[in-house]
Participant: 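Sharing a structure with you now.
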Amino acid sequence: MRQRLIPLTAALALLAAGCGTGTDGTAADGPVTLTVATWANETESDELDAILDRLNAAQDTYHLEQMVVPGGEYYTKLQTMIAGRQSPDLFWLSQEYVPAYAQNGTLTDLTGLVEDAVDLDDYLPGSLDAATVDGTLYGLPWIGQPYVVYYNADRFDEAGLDEPDGDWDWAAFRETARALTDDGRWGYATTGTPPLALHAWGEGGDYVDAAGEIVLDSPATVAGLESAHALISDPTATMPQALAQSRGVESAFVDGTVAMVVGGAADDIERKVAEADEPFRVGMAVIPAGSVAQVTFNWTASTVLSSTVTDTAAGVDALTDLTHAMFDWKIPAPVVSRVGDIADVNPQKAYAVEVVTRSAEIARGFHNLPQQNELGALVWDDLEGPLLSDGDGRGVGDVAELAAITAARMRAVIER
Amino acid sequence: MTATAPATRPAADRDRVLATAAARRREQRRRTWHRSVAKHVALSLVALSMLLPFAWMVTTSLKADGDVFAIPPQWVPTDPQWGHYREVFEALPFARFFLNTALYTVAVMAGEVLVSIVVAYGFARFDFRGKKPLLLFLLGTIMLPGEITIVPGYIFWAQVGDTLGVQLINTYWPLVLPALGGQAVHVFFLFQFFRAIPRDFAEAAYLNGAGWWTILWRVFVPMSRPAVVTIAVTSFMGTWNAFLGPLIYLNDVEKFTVQVGLTMFRGQFETDWPLLMAATTLSVIPVLVLFFTMQRYFVPSRASEAVR
Amino acid sequence: MPDPEPPPDAADRAARAAALVAARPRRRRISPAYAYIAPWFVAFAVFALVPMVMSLVMSLTDWPVIGSPTWRGLGNFTELARDQQFWRSLWVTVRFGVVSVPLGMAASLTVAMVLNSRVRGLGLYRTVYYLPAVVSGVAVGLIWRWVLDPSAGLVNGALAVVGVQGPGWLTDPAWVLPSYTMVALWGAGGGMLTYLVALNEVPKDLGEAATLQGAGWWARLWFVTLPLMRPILFYNLVMGIIGAFKKFNDAYVLGGAGGEGNFLMLHIYRTAFEHFRMGYASAMSWVFLLIVLAVTGLVFRFSDFWTFSRGNEES
């Protein structure tokens, strides 16, 4: 007993000193074994295993093994493993986590290491930004899709409206939604998709600007939020929030209750509509413009290389090969040359290639800070949630004031 | 309940007494019957409210993908997809998950129950220096939130493994070994029962030559059988449903427990609701079977119909 | 109770009686109790002590989990004193506990007393009432999300039948805590087990004697049954308080508008894993521990925990 306590105390000291052992790979000759952590579900993990098998067979530098971490608790487990110095060698990271992981030195700086194998210029700019922190590249995005407007073309015919061609702004969108609203049916529904920040971007505002400053309370941002709030809380255009939450925006679109929704360009909406009781023709349009710019949101995740990998060369090989292999997978790849592939992966998307391509060109992500999660939760609780539900039907008062209070709290978090 | 009238009474009087007695009996029977019907109606109504959410889970497991969120909700699936229960085992090695979980649960339960009995006995039967603070300390550890010690715990096991040169992460050891100390909650619970057993019993047995150890297993445990069964059921259920520990410590899919396996039906973007609900339904069955069979230990017995 | 060993002779009995007497008041010998309670303390020292000390040390640092800790002294604790979110979530937790612990205990006890009689189908009823306790984790949250759904949910559906427009249970801040109380009551059948066991120990004769003396149902409950169940009521009160403070699982899945679903444990968990502030979260959990200790300490103080089985006390 007592003997055993000594190494334990040593372990504690070791931790406090912040030094570790970093035991990765194999000492002997032959391929380096590398673990890649994913949040794939049961079908995806099988498909990914097949991809890894092919990669492993094709060379003898590395041997990739998948470690599946079930969905919801991915980051809890990942962070615990990193704290215990058991970090997986490669892992998926959603865009909002990249700055925090980079800041804490858990990621390998890929600048100058991957350019030979991957054409970085081919990436959609919004995607690569999400893997870059202060000009340093920390990951290779493997998935990214711009948000677009899906619409029920039959409802447009019925209402005698022209289908949107993409040259529209939010005011026109709201008018269209009003024309599509009648008894028990609505023109638009949202529960937070697209992010409300998108409305601010259209007015030239932002929550956090490129320099990392909080600009949530700037006039342009407030203007965007006010127009978003007006649209969302207009019962003659938009489905009431409580109903939208319980119905589910997508299913309300599929069954014809809502005529326009925003979703990811690769979402499987066309198939669901085709299989619905009363199928209709689905159309796709670019997100409406604000008064300053037409911008859409791009959700991105990257594969990163842990800084604990000792054989960086093998790690980079594995990372780049894996990224290329995943571009061939069913997912929407975040590169310009692949945007058209969406029709090959899903033939029902063939009608939309042009809209997806245009959307990809105007897509961007958030300017993420290391405190992104905390800031995101704060903005959601204090600002976006109330705006979406109109203070649960009781109104939100002055949007500018709400934004100012929230911005002050964000600044307090950053300056802490 | 037989009404016997004194023989000395006149016949008419006796008849009247007998008639009233019979009427009272009838009245009483009617009233008990009414009461028992009322009781069953009330019990069933509450039982229904307990069952409805569960029924939703089961019917969802039989629905086709498109019908899960249909409005109005479908109570009886139009075309029950019994195949989902087979698919659960095809999509993931669920048979393996069940075996893993069963072994893990039995190991932890055995450790927790047996050791908790011994520790509770130590606290309940004896008076010793430091009893109060030691018991309070044990109780205090129940209050420490496990979610926050999980990371230090993980670091600890990883470092112990490194120091001893053995693999402990990605094994069941960190999950099973701590059970060897029993479980503070169970100790507290059993302590409350053991201390109520009159000391005369134990001391009489001691005077008759039994050792303290024998007295524990021959006197205390048999006299507290329902309490022991209770902690066994609780321990089984807690381990069977444990999530955070197995999630953190186990890396290989083949080593997963049922609870961790369940979450694999929830993807980043899409959840396979019918399969998730089918698997959840299956995961509940072992605990229910155990509880149902353990019933007989809680049957109102010799002593306990005092309050109805 | 009887031992298979041959009956001891008189001398042995006398020796043992002497040992018993000697062992009691003077406590000269080391009590055998230490051997019995040792396993828990040994296991605690080996498996739990180091992680606990580690978390105590970390509460004095700024530790982003995935990076190295930096020393912060008591900074976390002074920040905590001024952290409105922490006190807010403590307040949410306390309000939930004050309502749900007594209600839950009453519900569990009622269920146990009703199901402690000879009813036809007893085993089935008990199993059904126990069911909510068996369904765990993700499933409970998902089920309740559907039950409490403002427009498609079971509760508001039932209210609509009687012409009442139900509230937005989890979306209206005012209804979030009532929702959680409802969830807690639904699971009250799980608490029935401990009461059933205790009811088994209540001697039937006592109740009958009371009845003969004209005691009604309430009088029997109040003066006979409950006093005899004090140990288990105390156990459930303490565990209920701890459970309310440590509420996590369903809150993690259900959430709740306006921060009303932000229970303390959830807040701590988020701070640690989502906000990368494990050091601060450790400080919070130690303060949390002190608060729970203080509350349960009060319960101990104002109960007769140490003396209620007076027959067995030695002084």
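Convention: sequence-line order gives letters A, B, ...; per-chain numbering from 1. Given the structure is predicted, the values throughout are model-derived calculations rather than measurements.
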Participant: Looking only at heavy atoms, which two atoms of C:F276 and A:P370 are closest? And how far apart?
Facilitator: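 Residues C:F276 and A:P370, closest heavy atoms: CD1-O, 4.5 Å.
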Participant: Can you tell me how far the CG atom of A:L78 sits from the CD1 atom of C:I66, to the nearest 0.5 Å?
Facilitator: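 With rounding to 0.5 Å, CG (A:L78) is 8.0 Å from CD1 (C:I66).
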Participant: Measure distances from A:Q371 to the heavy atoms of chain C and classify the residue's part below 4.5 Å as side chain, backbone, both or neither.
Facilitator: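 Neither part.
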Participant: Can you confirm whether more than 12 heavy atoms, excluding those of A:D398, are under 6.0 Å from its CG atom?
Facilitator: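 Counting neighbours around CG of A:D398, more than 12 heavy atoms of other residues, nucleotides or ligands fall under 6.0 Å, so yes.
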Participant: Is any side-chain heavy atom of C:F273 less than 4.5 Å from a side-chain heavy atom of A:K77?
Facilitator: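 Side-chain contact under 4.5 Å: no.
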Participant: Quick check: closest heavy atoms across A:A83 and C:V65, and the distance to 0.1 Å?
Facilitator: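 The answer is CB-O, 3.4 Å.
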Participant: Return the option, out of A:P386, A:G105, A:A100, with the maximum number of heavy-atom pairs under 4.5 Å with chain C.
Facilitator: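 Among the listed options, the one with the most contacts to chain C is A:A100.
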Participant: Relative to chain A, which of C:P51, C:G168, C:P64, C:A272 shows the most heavy atom pairs under 4.5 Å?
Facilitator: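 Most heavy-atom pairs within the cutoff with chain A belong to C:P64.
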Participant: With a 4.5 angstrom heavy-atom cut-off, could you sort out which part of C:Y252 is near chain A: side chain, backbone, both or neither?
Facilitator: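 When you check distances to chain A, only side chain atoms of C:Y252 fall under 4.5 Å.
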Participant: Without hydrogens or angle criteria, can the side chains of A:Y97 and C:E274 be said to hold a donor-acceptor pair below 3.5 Å?
Facilitator: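 Absent: no donor and acceptor within the cut-off.
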Participant: Do C:D83 and A:R416 sit within salt-bridge range, that is, some charged N less than 4.0 Å from a carboxylate O?
Facilitator: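 Salt bridge: no.
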Participant: Between atom NE2 of C:H275 and atom CG of A:L378, what is the distance when rounded to the nearest 0.5 Å?
Facilitator: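 Taking NE2 in C:H275 and CG in A:L378, the distance rounds to 8.5 Å.
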Participant: Could you state the interatomic distance from CZ (C:R270) to CD (A:E374), rounded to the nearest 0.5 Å?
Facilitator: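 Between C:R270 CZ and A:E374 CD, I get 12.0 Å after rounding to 0.5 Å.
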Participant: Is it the backbone or the side chain of A:S389 that comes under 4.5 Å from a heavy atom of chain C, or both, or neither?
Facilitator: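 Neither part, no heavy atoms under 4.5 Å.
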